[in-house]
Amino acid sequence: MIRAALLVLAILMATGTAQAAPQGKAAGQSPDPAEAANQLLKPQRNPDGTYTVKMLLSSLTPAKNHTLRGTSAAFSFSLPVPERWDVKSASISFGYVNSSSLVARLSRLSFLVGGRVLGQIELRPESPKGKVEIPIPGNLLAPGYNECVFRVAQSYTEEYCESPQHQSLWTNLELETATVEITYAMKPVPARLSAVSDFLFDSRAFLGSDVNIVLPEFSEKSVKLAAMAASGVALRMDYQAARTTVSNELKLGRDNIVIGDAAFAQRLLGSRAPKIGESTMALLPGAGPSGPDPQTAVVVLSGSPEGVEKAVRAFSYLSFPFPDAPEADLSQVTDPEPEMLEAAKNISRDKEYTLRSMGYFTKTVRGQPIDLSYTFPSGLDLNPNSYVTLSLHVAYAPGMREDSVLMVYINGVFVGGVHFEDVKGGTFLDYRINLPLYAMKKGTNTITLTPVLNPLKTRLCESYQSDNLAMTLYDDSTLTFPDIPLWVKLPDLTLFYQDVFPYAQWPDMRGATLLLGDKEQETVNAAVNLAAQAAQRTGLPPLKLDVSFGPAASGNVIAVGGVDSLPKELVSAAPFSLLPQGKRPYPQMQRPKAQDEEAAAHKAPLWSKFLPFLWERGRKSSDVTQYIWADVRSGAALSPGKGFVTQFKAPATAADTVTLFTAATAKDVDRLAARLWEPAVRSMIAGDVAVVDLDSARPKAASLEVGEKYYMGKIGAVPKLTILVNTYPWTSLSVVMVLLLVFAWAAWRMLKVVRAKRQ
């Protein structure tokens, strides 16, 4: 009740609208370990100079065990091949289980690549379980995404008449344990700068990239340049790992990026150094044990002190395959100017989007689901009483039964549909469906449109045609988003790995500081990798991120380093003590959490009649679980082999945030940043404290939610007042009460004076 009263008072004083903050995740919540896919194996070098890599199919494509049902069915996936590979041969190995009711002579499972049948398996009822390995010729796997298809023809009787959807017609593909083996050779790197964007760093390189950045020294300026260059690599790799090291010399057998003035580049490269002007970008063959290595590359970013920064920025932006020259002198580089919360793939508040603008183009489907994806910025407050309007432009074919429908799901939850009731077919233009905001989440959301289309005639043994079972969704259909306020409760590490909130409220990361505990090479490695991971989520290099070696830093801070190297005032402020002595809360006995008295539907407070939206919001977004906490102070220091990530409010500030990436040693911090390239590890980071096991072969992390909450956002005429009220409720209540008493006393004194004058 106190929080609600304070909000009402804040509204009266700020003449703005404050809304309650959403509740965070339950402490310790983490996904099922089964979601952690096996790590990709390192490629093995063969005697003939080629490489062989073997990995799970699920590591390449989101393929799960799939059941093919009916007389005819298919399942397809894409096999990515990077431009840099010349595939010599490949094979796929998978298991299957088929129904024991099938007729072997008429039942076949086929595997196709690029439309070419590479293998057929007879589905025998007497041996319904099997495992096969099918070779794939290398010339069928061209650079790009190669379509692979499992197709089945099944029959349970040799008679003419059989039900096409009989229960006994099924074959299960065991794709979660399926493996793919590829043998490939590395192509020479073309001597052209355009190779940076279309050859050198390729998002289809599912093994990721390994890049070494060479700096003349580890200074604040050079580390920022390294972070921008690493971000340029990470952006081209899209969602793949862009593992980066930083050193003072070239590393053999990998791509190198040299950042420094002309004297440093010439000293490092010797006679191979290009002619360096004011601001030069060049691409050279890589460094090998006995000379140039054509399979790797050295990217040179050099020039005058100001020109080096210009070259690094140009390298970060180079996304179009141009120029084709091996080197270029840069005259001008103009930085992009993003809007607030305008990170990659984010939608904007209070805007209307066509499906075309979101990457969907007009398509006719015959029962296949259509997925429409968009991303909510993490800082938005998803009000459960608001709606997103889906306006559909749809045409459906005649001759379908009147119970045909189009089902609408949000993140797998059914929320609405369209009834195709006219057997003569029809068209819907601007058919509106209100999609509830409470079914959505911060981060990526998927709207799935699933057509369920039935033929008019379906009686057994009656001939019917199904070519008319089709509908078209046009790309001028729209999604209209409400005006969603920027308001969020922190700390929440989940938001950091969605879109780097709150550090990337502006995608160029202005107002944020990357604080390094020391100048150890491992610490610099970790900081540069973390900056590159952030860039992959914002879609822009960290142009305005400040870099500092401390000891102090302002604004929102990302602190990286061994626990003993970081400023003690930051480390001691962590909600879970990283020092030998301090508070270490452990959750015990999870149980349901009853709603607060003021949130109970049958105990609506008086103020809810005047501000119903505030009351509904707090009531519907309450925590659902609670713990009894135990404080165990062992006096033990951080253990080797463990990485810690924790987030909390910066000391002596109202809303600035500190996120610590730390461990017992700088080497472990470097290993922590490397493990965070793995999606399975990142998905386990939640709450405000997370511990990552660096020695485990499988992704392994534990998360807690133990710290005090605070708020960030822009609501009302005086947003900072709303933040202060929510962050310091008791202090704010005391101040308001004192102000009210002063106001009452002043009014009483004025009344006395007025009465005295009248007498």
Visitor: Does Lys568 offer a backbone N or O that forms a donor-acceptor pair with the side chain of Ser572 under 3.5 Å?
Guide: yes

Visitor: To the nearest 0.5 angstrom, please state how far the CG atom of Leu543 sits from the OG atom of Ser231.
Guide: 9.0 Å

Visitor: Taking Arg675 first and then Asp693, would you say they form a salt bridge - that is, a charged N and a carboxylate O separated by under 4.0 Å?
Guide: no

Visitor: So Lys442 and Phe501, side-chain contact (heavy atoms from CB on, under 4.5 Å) or not? Walk me through it.
Guide: CA-CA 11 Å; Lys442 299 177 181 181; Phe501 192 87; over 6 Å; no

Visitor: The criterion is salt bridge (charged side-chain N to carboxylate O under 4.0 Å, His left out); which residues satisfy it with Asp210, sequence neighbours excluded?
Guide: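 Residues passing salt bridge (charged side-chain N to carboxylate O under 4.0 Å, His left out) with Asp210: Arg243.
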
Visitor: Between Phe496 and Tyr503, is the gap from one ring center to the other below 6.0 Å?
Guide: yes

Visitor: More than 12 non-hydrogen atoms from neighbouring residues, nucleotides or ligands closer than 6.0 Å to OH on Tyr586, yes or no?
Guide: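 For Tyr586, atom OH is crowded (more than 12 foreign heavy atoms under 6.0 Å).
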
Visitor: Between Val211 and Arg254, does the side-chain contact (heavy atoms from CB on, under 4.5 Å) criterion hold? Intermediate values first, please.
Guide: CA-CA 6 Å; Val211 181; Arg254 68 168 58 187; over 6 Å; no

Visitor: Within the side chain of Glu520, is there an N or O that forms a donor-acceptor pair under 3.5 Å with the backbone of Thr665?
Guide: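 No, because the side chain of Glu520 does not come within donor-acceptor range (under 3.5 Å) of the backbone of Thr665.
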
Visitor: Is it true that a side-chain atom of Asn248 and a backbone atom of Leu215 form a donor plus acceptor pair closer than 3.5 Å?
Guide: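 Yes, because the side chain of Asn248 sits within donor-acceptor range (under 3.5 Å) of the backbone of Leu215.
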
Visitor: Given side-chain contact (heavy atoms from CB on, under 4.5 Å), test Leu660 with Phe644 step by step and report yes or no.
Guide: CA-CA 8 Å; Leu660 288 180; Phe644 288 79; over 6 Å; no

Visitor: Within a strict 4.5 Å, meaning less than it, do heavy atoms of the Asp499 and Pro377 side chains meet?
Guide: yes

Visitor: Are Leu540 and Pro338 side-chain neighbours, meaning at least one heavy-atom pair lies under 4.5 Å?
Guide: yes

Visitor: Sort out for me which residue in Asn256, Ile276, Val214, Val300 forms a side-chain contact (heavy atoms from CB on, under 4.5 Å) with Leu269.
Guide: Val300

Visitor: So which heavy atom on Ala690 is nearest to which on Ser703, and how close?
Guide: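 Nearest pair, atom of Ala690 first, then Ser703: CB-OG, 3.8 Å.
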
Visitor: Side-chain contact test, heavy atoms from C-beta onward, threshold under 4.5 Å: evaluate it for Leu250 versus Val258 and give yes or no.
Guide: yes

Visitor: Heavy-atom distance under 4.5 Å between the side chains of Ser378 and Asp492, does that happen here?
Guide: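 No, side chains not in contact.
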
Visitor: List the atom of Gly277, the atom of Asp329, and the distance in Å for their closest heavy-atom pair.
Guide: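 Closest approach of Gly277 to Asp329: N-OD1, 4.0 Å.
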
Visitor: Within this structure, what is the OG-CD distance for the pair Ser203 and Gln536, rounded to the nearest 0.5 Å?
Guide: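 So the gap between those two atoms works out to 10.0 Å.
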
Visitor: Please determine, by modelled atom types, if Thr245 and Asn212 share a side-chain donor-acceptor pair under 3.5 angstrom.
Guide: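 Indeed, the side chains of Thr245 and Asn212 share at least one donor-acceptor pair under 3.5 Å.
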
Visitor: Would you mind reporting whether Trp85 and Pro143 have side-chain heavy atoms less than 4.5 Å apart?
Guide: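 No - every pair of side-chain heavy atoms lies 4.5 Å or more apart.
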
Visitor: Can you check whether Val681 reaches Met684 side chain to side chain, under 4.5 Å on heavy atoms?
Guide: no

Visitor: With distance as the sole test, does Thr523 use its side chain to make a donor-acceptor pair with the main-chain N or O of Asp518 at under 3.5 Å?
Guide: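 Not a single qualifying donor-acceptor pair exists.
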
Visitor: Only one of Val658, Asp688, Thr659 forms a side-chain contact (heavy atoms from CB on, under 4.5 Å) with Pro491, so which one is it?
Guide: Asp688

Visitor: Rounded to the nearest 0.5 Å, what separation is found between the CZ atom of Arg84 and the CG atom of Leu200?
Guide: 5.0 Å

Visitor: Could you check whether atom NZ of Lys251 has more than 12 heavy atoms from other residues, nucleotides or ligands sitting under 6.0 Å from it?
Guide: yes

Visitor: Which heavy atom of Ser279 sits nearest to which heavy atom of Ala311, and what is that distance?
Guide: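 Taking Ser279 first and Ala311 second, the nearest heavy atoms are OG-N, 3.5 Å.
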
Visitor: I'd like to know whether the aromatic ring centres of Phe206 and Tyr239 sit less than 6.0 Å apart in this structure.
Guide: no

Visitor: Nearest 0.5 Å please: distance from the CD1 atom of Ile259 over to the NZ atom of Lys221.
Guide: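 Separation between the atoms: 11.5 Å.
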
Visitor: Judged by atom type as modelled, is there a donor-acceptor pair below 3.5 Å linking the side chain of Gln521 to the main-chain atoms of Val246?
Guide: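 Yes, Gln521 side chain to Val246 backbone: donor-acceptor pair under 3.5 Å.
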
Visitor: Judged by atom type as modelled, is there a donor-acceptor pair below 3.5 Å linking the side chain of Arg313 to the main-chain atoms of Val333?
Guide: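 Side chain of Arg313 to backbone of Val333: a pair is present.
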
Visitor: Between Lys310 (side chain) and Ser331 (backbone), is there a donor-acceptor pair under 3.5 Å?
Guide: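 Judged by distance alone, yes, a pair lies under 3.5 Å.
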
Visitor: Indicate yes or no: does Lys667 engage Asp670 in a salt bridge with an N to O separation below 4.0 Å.
Guide: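 Not counted as a salt bridge, because no side-chain N and carboxylate O are separated by less than 4.0 Å.
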
Visitor: Do the side chains of Phe201 and Asp255 get nearer than 4.5 Å, heavy atoms only?
Guide: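 Side chain of Asp255 against side chain of Phe201, heavy atoms only: contact under 4.5 Å found.
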
Visitor: Considering only heavy atoms from C-beta outward, does the side chain of Ser209 approach that of Gln240 to under 4.5 Å?
Guide: no

Visitor: So, Thr513 side chain and Leu515 main chain: donor-acceptor pair closer than 3.5 Å or not?
Guide: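 A pair under 3.5 Å: no.
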
Visitor: Does the structure place the NZ or CZ of Arg236 under 6.0 Å from the centre of the six-membered ring of Phe315, at an angle of no more than 45° from the ring's axis?
Guide: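 Relative to the ring axis of Phe315, which defines the angle, Arg236 lies inside both limits.
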
Visitor: Give the intermediate values and the outcome of side-chain contact (heavy atoms from CB on, under 4.5 Å) for residues Leu486 and Gln505.
Guide: CA-CA 10 Å; Leu486 172 61; Gln505 293 184 70; 4.0 Å; yes

Visitor: Calculate, to the nearest 0.5 Å, the distance between atoms CZ and CD belonging to Phe549 and Glu220 respectively.
Guide: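 Nearest 0.5 Å value for the CZ-CD distance: 6.5 Å.
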
Visitor: So, for Leu570 and Ala559, which heavy atoms are closest and what is the spacing to 0.1 Å?
Guide: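 Smallest heavy-atom distance, with atoms named: CD1-CB, 4.5 Å.
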
Visitor: So which heavy atom on Leu530 is nearest to which on Ala673, and how close?
Guide: CG-CB, 4.2 Å

Visitor: Checking Ser548 now: which residues fulfil side-chain hydrogen bond (donor to acceptor under 3.5 Å, both in side chains) with it, not counting sequence neighbours?
Guide: none

Visitor: Taking all heavy atoms of Met509 and all of Ile558, pick out the closest pair and write down the distance.
Guide: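 In terms of heavy atoms, the two residues are closest at CE-CD1, 4.2 Å.
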
Visitor: When rounded to the nearest 0.5 angstrom, what is the spacing between CG in Leu283 and CG in Leu301?
Guide: 10.0 Å

Visitor: Could you walk me through whether Asp238 and Arg204 pass the salt bridge (charged side-chain N to carboxylate O under 4.0 Å, His left out) check?
Guide: CA-CA 9 Å; Asp238 197 5; Arg204 296 165 296 191; over 6 Å; no

